[in-house]
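Structure first, commentary second.
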Number of protein chains: 2
Amino acid sequence: MPPEIETAETAQVESARRRKTRDRLIDAAYEVFAETGVHAASVEMISERAGFTRGAFYSNFATKEELFFALAERENRIRFERLQEGVDVILPQVGEAALTERSLGELVTRFLELQSDDRRWCIVQSEFKLLAMRNAQVAASYVAYQRNFLEQLTEQIDAAVGSVGLRFTIEPIEAIGIIVNLYESAMQAAILEGDDGDSVSAPPLARAALPALVHALTEPIS
Amino acid sequence: MPPEIETAETAQVESARRRKTRDRLIDAAYEVFAETGVHAASVEMISERAGFTRGAFYSNFATKEELFFALAERENRIRFERLQEGVDVILPQVGEAALTERSLGELVTRFLELQSDDRRWCIVQSEFKLLAMRNAQVAASYVAYQRNFLEQLTEQIDAAVGSVGLRFTIEPIEAIGIIVNLYESAMQAAILEGDDGDSVSAPPLARAALPALVHALTEPIS
DNA sequence: ATTTTGCGATACATCAGTGTATCGGATACA
DNA sequence: TGTATCCGATACACTGATGTATCGCAAAAT
């Protein structure tokens with residue numbers, strides 16, 4: 001008889017308790033990694049921040065890196081889900097059915113705010129990218145995720161652009177790529193300026209330049 | 001009598017020998033930091049790479065961070081000098097006096113290649129930025145340098161743009177900021193794609209999109 | 001050539017972090 | 001209420017990195 005499934009319950013590999021401490025450890029890692037960097041963070045710091053000792057850590061993760069990847073996966077998943085809800089969530093905030101070119105910039109901004117919403121995520125993501133730049137293994141999964149995300153985002157925004165009678169003057173996916181870059185670097189600039197407070201939402205630089213950029217990259221349809 | 005200056009020679013704080021080993025240590029740090037990251041790099045790795053023991057290191061730098069800053073300062077200085085020579089150096093490569101809109105994109109590309117010329121610098125600079133995002137002290141000097149650099153670059157490129165009868169449709173400094181972003185993220189993308197080899201010059205993505213972006217952000221003068 | 005000085009090598013003390021093996025208590029189940 | 005099990009706490013052995021104090025050699029000065 002197969003020993004791994006006696007009842008359906010037995011197959012439950014993760015107890016509720018276990019899942020909870022895993023989540024608390026990930027939360028703690030999120031904070032500590034953002035504050036000190038992945039390498040500078042010790043297993044002890046993370047465990048302590050979560051209210052555990054290292055015993056709990058090693059019972060749940062083999063290495064600090066494994067925890068780092070678990071964190072990245074969780075946060076990426078959350079943001080991808082938010083993106084897929086997409087326009088349905090944002091349109092009501094911007095102004096219902098009547099989408100004008102003016103409100104288009106606003107809509108794009110909202111899309112970006114949805115994903116890169118706080119200071120810590122910006123920092124942790126930068127660190128993940130840096131890790132990817134040094135490690136081909138990590139790079140592969142990083143670019144796969146980013147590419148997939150960018151495609152989804154392009155699909156949604158391109159539709160919105162079309163619905164106000166505009167189209168991009170260069171490849172839509174490249175245009176969106178450029179816009180995302182602008183937004184991300186504006187986030188980073190806000191952090192560098194010491195714009196403290198957890199949610200660095202709506203960095204002023206992006207608010208100003210982003211609609212102008214959208215305008216510059218689009219033209220009326222034929 | 002003042003003890004610090006008996007002759008002019010006595011004031012020579014840095015011997016030639018000392019300067020040379022400092023430079024070798026900085027070179028080594030450049031490599032090791034790029035490969036493993038600042039935190040993961042040990043003083044021993046760096047010293048060994050330079051062909052010394054830790055004794056030499058501690059005789060020249062108090063901490064690893066001090067060396068890191070010395071590296072950043074040296075490399076920034078080099079790139080700023082290159083920038084100031086600027087058009088004089090680049091114009092001959094592009095096509096002498098006859099600057100057309102077509103060759104304008106090429107010229108801008110050359111400007112950017114001048115500064116962010118290799119893979120290692122891209123990585124080390126990313127790490128410096130990350131450090132700045134976590135430390136207000138570092139952030140101050142980082143943004144001061146970047147701002148200064150961007151202003152110089154804008155001055156030169158804006159002049160070139162004007163000389164072919166164009167002008168930016170948004171604030172020139174913001175336009176250049178966006179262009180620099182595109183270029184830098186293209187560099188990073190090239191690294192992530194595993195585009196190995198030391199000089200990742202002319203990342204293909206930038207070659208393609210950059211002229212288009214310049215075109216999109218400019219218009220004929222009145 | 002001899003002395004002096006500067007600078008890198010060597011050796012040592014210390015510490016912080018890691019991973020593992022074991023223990024004990026809370027929780028689920030009878 | 002008793003029992004089994006899971007999971008986090010504790011203790012320990014070990015490694016790698018740090019910083020300092022001292023030594024010895026090579027290059028400069030006289």
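First the proteins, then the strands, lettered A, B, ... as listed; each starts at 1.
Remark: P of D:dG19 and NZ of B:K64 are 9 Å apart, rounded to the nearest angstrom.
For A:V43, the listed nucleotide lying nearest its side chain is C:dT18; candidates were D:dG8, D:dT18, C:dT18. Which of D:dA17, D:dG8, D:dG19 sits closest to the side chain of B:R54 comes down to D:dG19. Among the nucleotides D:dG8, C:dT18, D:dT18, the one closest to the side chain of A:R17 is D:dG8. Ranking D:dT20, C:dA9, C:dC7 by closeness to the B:T53 side chain, first place goes to C:dA9. Of the candidate nucleotides D:dA9, C:dG8, D:dT18, C:dG8 has the atom nearest to the side chain of B:F52.
A salt bridge links A:R49 with A:E31; the closest basic N to acidic carboxylate O contact falls under 4.0 Å.
Remark: B:R120 qualifies as a cation-pi partner of B:Y30 under the 6.0 Å distance and 45° angle criteria applied to the six-membered ring.
Each of A:S42 and A:G55 was matched to the nucleotide of DNA chain C holding its nearest heavy atom; the match closer to the 5' end belongs to A:S42.
For A:S15, no side-chain nitrogen or oxygen approaches OP1 or OP2 of C:dT27 to under 4.0 Å.
Across A:E184, A:M187, A:E75, a single residue satisfies side-chain contact (heavy atoms from CB on, under 4.5 Å) together with A:Q125, and that is A:E184.
Interatomic distance, CD1 of B:I78 versus CG of B:L114, reported as 13.0 Å (0.5 Å rounding).
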